[in-house]
Amino acid sequence: MSVDMIIAFAILIAIIIYQFYSRSKFEKAILKDYDKQFEEWKKFSSVKQTPSEDCKKFCGLIFKRGHKVSMEIYDNECIDSIKKGKFELLYKEEQQ
């Protein structure tokens with residue numbers, strides 16, 4: 001009786017090992033195909049990544065202390081624009 005169980009478990013273990021092997025082989029083949037297709041797509045794609053010049057950039061903070069408004073500038077490139085008066089005031093209403 002124990003020999004019958006050993007044979008059944010041996011067959012089960014052999015099937016499981018085969019499934020692991022075939023799955024890993026299949027996954028490697030799929031990854032290889034997708035990598036190949038991705039490289040071909042990069043060659044023939046017309047999508048160009050150009051940096052957008054209209055993006056926002058953090059330059060500093062504005063505080064109000066009493067009746068005085070003060071600015072803390074963290075980017076030296078923005079100081080010239082502020083001194084020349086080249087800035088825009090945007091007012092956003094509070095949301096309640």
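All values reported here derive from a predicted model rather than from experimental measurement.
- In the hydrophobic clustering of ILVMFWY residues, with side-chain heavy atoms under 4.5 Å counting as a link, Ile82 and Val69 come out together.
- A search for ring pair (Phe, Tyr, Trp, His ring centres under 6.0 Å) contacts involving Tyr74 returns Phe58, not counting sequence neighbours.
- Residue pairs satisfying the ring-ring contact (aromatic ring centres under 6.0 Å, His included) criterion with at least one member in residues 13-35, sequence neighbours excluded, are absent.
- Applying the salt bridge (charged side-chain N to carboxylate O under 4.0 Å, His left out) test to pairs two or more places apart or on separate chains, those with a residue in residues 16-29 are Arg23-Glu27.
- For residues 32-46, the pairs satisfying salt bridge (charged side-chain N to carboxylate O under 4.0 Å, His left out) are Glu39-Lys42, with sequence neighbours left out.
- Scored by the side chain to side chain contact (heavy atoms under 4.5 Å, CB included) test, Ile17 finds Ile13 as partners (sequence neighbours excluded).
- For the atom pair CD1 (Ile79) and CG (Asn76), the distance works out to 4.5 Å, reported to the nearest 0.5 Å.
- The salt bridge (charged side-chain N to carboxylate O under 4.0 Å, His left out) contacts involving residues 75-89 comprise Lys57-Asp75, Lys57-Glu77, where partners must be two or more places apart or lie in separate chains.
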